[in-house]
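The first residue in the sequence is number 1, and the count goes up from there.
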Amino acid sequence: MDAAATLPEAWSQVRAPVIVPLLRLAVVVCLTMSVLLFLERVYMAVVIAGVRLLRLRPERRYRCDPIPEDDPELGSTAFPIVLVQIPMFNEREVYQLSIGAVCGLSWPSDRLVVQVLDDSTDPVIKEMVRVECERWARKGINITYQIRDDRKGYKAGALRAGMKHAYVRECEYVVIFDADFQPEPDYLKRTIPLPRPQPADRTGPGALEIRGSPAARTILRYLQSRCLAQHNTARFIISTTAAAAQPAAVSGGFGREVNADECLMTRMQEMSLDYHFTVEQEVSSSVCAFFGFNGTAGVWRIAAINEAGGWKDRTTVEDMDLAVRASLKGWKFVYVGDVQVKSELPSTFKAFRFQQHRWSCGPANLFRKMLMEIVTNKKVTLYKKFHVIYNFFLIRKIIAHVITFTFYCLVIPATIFVPEVRVPKWGYVYLPCCITLLNSVGTPRSFHLLFFWVVFENVMSLHRSKATLIGLLEAGRANEWVVTEKLGNALKMKSASKANKRQFMKQLMRIWDRLHVTELGVGAFLFSCGCYDLAYGKDYFFVYFFFQSMAFFVVGIGYVGTIVPQS
């Protein structure tokens with residue numbers, strides 16, 4: 001009782017000299033980061049509007065000629081030899097879909113090499129994948145099934161091992177598809193011409209010159225394409241394209257995911273990814289010829305990979321690592337948002353949470369390891385260094401994750417108990433609303449879900465900000481790699497079985513397996529702040545606190561990404 005009686009006195013002694021100054025500093029820092037994030041969103045909106053109005057598509061910028069298919073003299077030699085890599089890990093549900101889609105690509109069979117890089121630990125799945133590869137081999141497809149003794153380096157290690165074979169030296173390009181990606185038959189014909197040089201245009205080993213005006217001539221090394229995953233009428237856009245100073249690679253965007261309409265959680269993912277691929281990737285490709293490779297649905301010049309030092313496993317974002325290193329060597333990236341590839345979104349909250357941890361922790365860890373290398377690089381311009389450090393890493397990969405949770409779920413609620421510290425209305429109303437509206441342009445069909453998207457993203461910001469700090473500090477989970485679970489067509493098949501339904505419902509009753517204590521704790525904190533503000537506050541923060549606490553509670557009891565309705 002004596003200790004309880006001294007608490008108010010201790011609080012009053014600490015409040016003025018310590019709590020108030022620290023909280024004011026936190027508000028200033030958060031408002032500054034909010035302004036920086038807002039300016040970044042406005043900048044990207046202006047650039048993307050200019051790109052669309054001026055129709056600065058890659059085909060128009062580079063004026064690429066299609067590959068001559070009917071030339072009797074050249075025949076199939078008009079087509080470059082392309083290596084397609086499919087990394088896999090226990091992909092029981094989707095291995096047939098991805099292998100079948102890749103083997104169905106419209107490309108001369110003698111100019112196409114398919115590698116299935118299987119790191120599966122389940123011997124049954126390994127045998128199933130091997131048999132599937134043999135089945136396609138009997139149909140005349142040049143496909144090889146490869147396994148390793150260990151999973152050292154995870155995906156980067158598998159891709160690196162696949163590049164060591166002697167026959168890879170004959171290949172000019174390498175295309176990578178994750179196990180849940182299903183390219184359309186014309187994928188290569190729509191992407192390879194972009195980085196492909198004409199014989200007379202070659203300027204040196206591994207260099208590719210695009211024909212056009214002298215000022216616009218450049219060399220392409222990497223290209224990424226858009227990914228399209230369709231579910232009924234749903235469409236979702238993600239991009240995976242890059243090109244280099246002499247385009248080294250071509251990357252396309254993701255289209256709508258095959259399961260975008262599966263549940264509310266997948267719709268929220270769709271909205272976030274749409275903005276990333278239709279705005280962020282497009283802007284970076286247009287203004288700086290650089291953006292982060294997303295690890296799949298991309299075409300790389302093998303010469304660019306070799307010059308950049310090959311695949312490395314020092315972080316969990318080996319794809320981004322390679323793209324940054326290639327850009328520092330002078331390679332440029334091209335984003336092709338019109339080329340679409342079917343893919344799949346995580347259907348469970350557990351899978352989505354692990355994915356977001358890797359996607360947030362990896363870039364922050366890579367920034368820590370490459371900052372000085374970028375600063376001291378002498379092959380790229382100062383503008384490109386600024387773009388990579390400030391726009392690409394600092395704003396999009398660090399501040400965007402940290403500010404959401406820190407400001408809206410910690411600092412603003414804390415000001416409720418310290419009336420001396422006020423947050424200006426433009427900081428907690430106008431800026432967030434403008435940023436949200438700018439983010440919504442990627443998915444117009446989901447505009448009515450903006451409110452749900454905001455509260456869900458704030459919940460996920462808890463995990464993203466934590467992962468970002470882990471990556472920056474290189475803490476214990478910095479190199480944690482959990483393969484995202486993929487369901488393929490299995491969900492529909494399981495939903496048709498009554499026995500599986502009963503088993504599924506029984507699992508839902510195991511409440512302790514579904515509770516997320518951290519989310520429940522934050523939800524309780526926000527709810528208490530809302531109650532206090534309702535009783536004593538003047539800024540009506542309680543409206544936001546109550547809705548946001550409800551979102552944390554819903555996720556905390558495992559009701560998001562748990563019950564997936566049959567499509």
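Side-chain contact check for Y408 versus P432: some heavy-atom pair is nearer than 4.5 Å. M370 places a side-chain heavy atom less than 4.5 Å from the side chain of R314. In this structure, the side chains of V51 and V283 stay at 4.5 Å or more apart for every pair of heavy atoms. The shortest side-chain heavy-atom distance between L438 and M44 does not fall under the 4.5 Å cut-off. Contact annotation: the side chain of T443 never approaches that of W453 to less than 4.5 Å [non-hydrogen atoms, C-beta and beyond]. Contact annotation: the side chain of Y544 never approaches that of V454 to less than 4.5 Å [non-hydrogen atoms, C-beta and beyond]. Put simply, the side chain of Q356 does not reach to within 4.5 Å of the side chain of H463, judged on heavy atoms. You'll find the side chain of K189 stays beyond 4.5 Å of the side chain of L105, heavy atoms only.
Panel note: side chain K385, backbone N377; a donor-acceptor pair is recorded below 3.5 Å. Looking only at distances, no side-chain donor or acceptor of T406 sits under 3.5 Å from a matching main-chain atom of I403. The main-chain N or O of L328 is never found under 3.5 Å from a side-chain atom of K379 such that the two would form a donor-acceptor pair. A distance-only check finds a donor-acceptor pair linking the side chain of Q269 to the backbone of P346 [under 3.5 Å]. Without hydrogens or angle criteria, S285 side chain to E282 main chain gives no donor-acceptor distance under 3.5 Å. Here the side chain of Q281 pairs no donor or acceptor atom with the backbone of F293 at under 3.5 angstrom. Between the side chain of E519 and the backbone N or O of F552 there is no donor-acceptor pair closer than 3.5 Å. For the pair D533 (side chain) and F542 (backbone), a donor-acceptor distance under 3.5 Å is present.
The CG atom of L473 lies 7.0 Å from the CZ atom of R368; values are rounded to the nearest 0.5 Å. Distance check, rounded to the nearest 0.5 Å: CD1 of I399 to OG of S34 gives 9.5 Å. Here the straight-line distance linking atom CE of M33 with atom OG1 of T404 works out to 9.5 Å at 0.5 Å rounding. From I176, atom CD1 reaches atom CG of N294 across 11.5 Å, with rounding to the nearest 0.5 Å. Considering NZ of K397 and OG1 of T468, their distance stands at 10.0 Å, rounded to 0.5 Å. Rounded to the nearest 0.5 Å, atoms CZ (F407) and CG (L431) are 8.5 Å apart.
By the 30° and 60° cut-offs, the orientation of the rings of Y390 relative to F386 is parallel.
Applying the 6.0 Å contact sphere to CZ of F547 captures no more than 12 heavy atoms from other residues, nucleotides or ligands. Counting heavy-atom neighbours within 6.0 Å of F447 CZ, excluding the residue itself, gives a total of 12 or less. By the neighbour-count criterion of 12 heavy atoms within 6.0 Å, atom OH of Y540 is sparsely surrounded, having that number or fewer from other residues, nucleotides or ligands.
Salt bridge present: D178 and K155 bring a charged side-chain N and a carboxylate O closer than 4.0 Å. Salt bridge annotation for K369-E474: present, with a cationic side-chain nitrogen under 4.0 angstrom from a carboxylate oxygen. Remark: K312 does not engage E318 in a salt bridge, criterion side-chain N to carboxylate O under 4.0 Å. One finds a salt bridge joining E457 and R464 here, because a Lys/Arg side-chain nitrogen approaches an Asp/Glu carboxylate oxygen to under 4.0 Å.
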(request) Step by step, work out the side-chain contact (heavy atoms from CB on, under 4.5 Å) result for E344 and E262. (result) CA-CA 11 Å; E344 180 182 328; E262 200 161 76; over 6 Å; no
(request) Start with the C-alpha gap between L345 and F352, add the side-chain angles, then the distance that decides, and say whether side-chain contact (heavy atoms from CB on, under 4.5 Å) holds. (result) CA-CA 8 Å; L345 291 167; F352 182 56; over 6 Å; no
(request) Could you walk me through whether F545 and I412 pass the side-chain contact (heavy atoms from CB on, under 4.5 Å) test, one step at a time? (result) CA-CA 10 Å; F545 292 153; I412 291 180; 4.0 Å; yes
(message) H401 vs W359, test: side-chain contact (heavy atoms from CB on, under 4.5 Å). Steps then yes/no.
(response) CA-CA 11 Å; H401 296 327; W359 286 6; over 6 Å; no
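Minimum interatomic distance between A551 and V455 (heavy atoms only, all atoms of both residues): CB-CB, 3.8 Å. Residue A179 comes nearest to S98 through the heavy atom pair O-CB, 3.0 Å, listed as atom of the first residue, atom of the second, then distance. Taking each heavy atom of G310 and L322 in turn, the nearest pair found is O-CD1, 3.9 Å. Between L526 and S549, the closest heavy-atom pair is CB-CB, 3.9 Å. Heavy-atom minimum distance, G362 versus T315: O-CB, 4.3 Å. Nearest approach of T278 to I48, heavy atoms of both residues: O-CD1, 3.5 Å.
By the side-chain hydrogen bond (donor to acceptor under 3.5 Å, both in side chains) test, Q355 is found to be paired with no residue, residues two or more places apart in sequence or in another chain being considered.
Residues F452 and F456 place their aromatic rings such that the two centres sit no closer than 6.0 Å. When ring centroids are compared, F177 and Y187 come within the 6.0 Å threshold.
Of the N and O atoms on the side chains of R267 and S446, at least one donor lies less than 3.5 Å from an acceptor on the other residue.
Screening residues 421-438 for side chain to side chain donor-acceptor pair (under 3.5 Å) gives R422-D539 as the qualifying pairs, with residues at least two apart or on separate chains.
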